[in-house]
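A short worksheet on the structure shown next.
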Amino acid sequence: MRSISRRKLITTGLAVAAGGSGLAVAGKIAQKYGLVPPDHGGLYGPGETLSYAAYRLLTKHSLAREFPRSLISERPLANEIGPLNEAYKKLQAGGFKDWRLAVNGMVAHPTVFSLDDLKRLPARSQITMLQCEEGWSYIAEWIGVPLPHVLEAVGALPQARYVVYNSIEKDSWDSIDMGDALHPQTLITYGMNGRDLPVGHGGPLRMRLPRQLGYKNVKFITDLTVTDDLKRFGKGMGSVAAEYGYAWYVGI
Ligand SMILES: Nc1nc2c(c(=O)[nH]1)N[C@H]1C(S)=C(S)[C@@H](COP(=O)(O)O)O[C@H]1N2
Ligand SMILES: [Mo]
């Protein structure tokens, strides 16, 4: 996944940000700012904490690159997905009229949104790159409602630290911290390249966050849970990917 030289660069960056050097300082900074990822005990050990903390300190306010229309990929690659289940097929047969996004957890007003409800919230479109951890990428225009608007609509509580998102696809879920959840480019996406989001790309609803790798962009999302603790989800590592040894935080 990430190359050694890149990691070294990041570590150096963190040491600079910390005004010191070495793992111990970086670790202390990570603790101080609450920048310890939920999978920090995993396969990569302190490296995950280092890169998460470093990226967070260095890219806190940064925007992912947005591209001119002329660079939209002609044939965006829809990555292979497992067979769609019966629940999905039933909703698809009904033109997704009954598709719902339930938002619950640490919110003042738990809410269930239809696609039309979401389309009535302020929309944003952006031309960004989707990058798979395997190396390929494509550029597309994504249309959706910024997650911050959804969180505002439901009244996310100030103690919230993460948003967990689930797919209708079994064992497909992930989570992001509030830094990414409240980022203006994080979209609950329902459109791509001027049309409804195609099934292959996660239609009718997908999490789209251009500041992290492809696998964080979960397709077919059905619910969001706002929480201050990832330990009670799955094996407590913040995502299915992390349970398989992939990093929870994959900033790009
Ligand atoms: N539900 C679901 N979401 C998913 C996946 C998946 O298999 N199922 N694959 C992920 C991976 S590994 C990548 S790289 C991107 C691919 O997005 P694309 O099909 O638009 O290229 O979707 C991500 N979201
Ligand atoms: Mo991927």
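When a ligand or atom number is given, it counts from 1 through the structure's own listing order. Position 1 is the first residue of the sequence, and the numbers go up from there.
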Considering only N or O atoms, set out every pair between ligand 1 and the protein closer than 3.5 Å, with distances to one decimal place.
from	atom 1	to	atom 2	distance (Å)
ligand 1	1 (N)	Glu169	OE1	2.7
ligand 1	1 (N)	Ser172	OG	3.2
ligand 1	1 (N)	Lys219	O	3.3
ligand 1	3 (N)	Lys219	N	3.0
ligand 1	8 (N)	Glu169	OE1	2.7
ligand 1	17 (O)	Arg206	NH2	2.8
ligand 1	19 (O)	Asn79	N	2.8
ligand 1	19 (O)	Lys219	NZ	2.6
ligand 1	20 (O)	Tyr138	OH	2.5
ligand 1	20 (O)	His201	ND1	2.7
ligand 1	20 (O)	Arg206	NH1	2.9
ligand 1	21 (O)	Leu77	O	2.6
ligand 1	22 (O)	Arg206	NH2	2.9
ligand 1	24 (N)	Asn217	O	3.0

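Environment of CD in Gln92: crowded, with over 12 heavy atoms of neighbouring residues, nucleotides or ligands closer than 6.0 Å. Environment of NZ in Lys119: crowded, with over 12 heavy atoms of neighbouring residues, nucleotides or ligands closer than 6.0 Å.
Residues Arg206 and Trp142 form a side-chain contact, since some pair of their non-hydrogen atoms from C-beta on lies under 4.5 Å apart. You'll find the side chain of Ile188 reaches within 4.5 Å of the side chain of Met207, heavy atoms only.
Between Pro38 and Leu230, the closest heavy-atom pair is CG-CD1, 3.5 Å.
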Show me the donor-acceptor pairs, under 3.5 Å and distance only, between side chains in residues 94-104 and residues at least two apart or in other chains.
from	atom 1	to	atom 2	distance (Å)
Trp99	NE1	Ile221	O	3.0
Arg100	NH1	Lys97	O	3.0
Asn104	OD1	Thr225	OG1	3.0

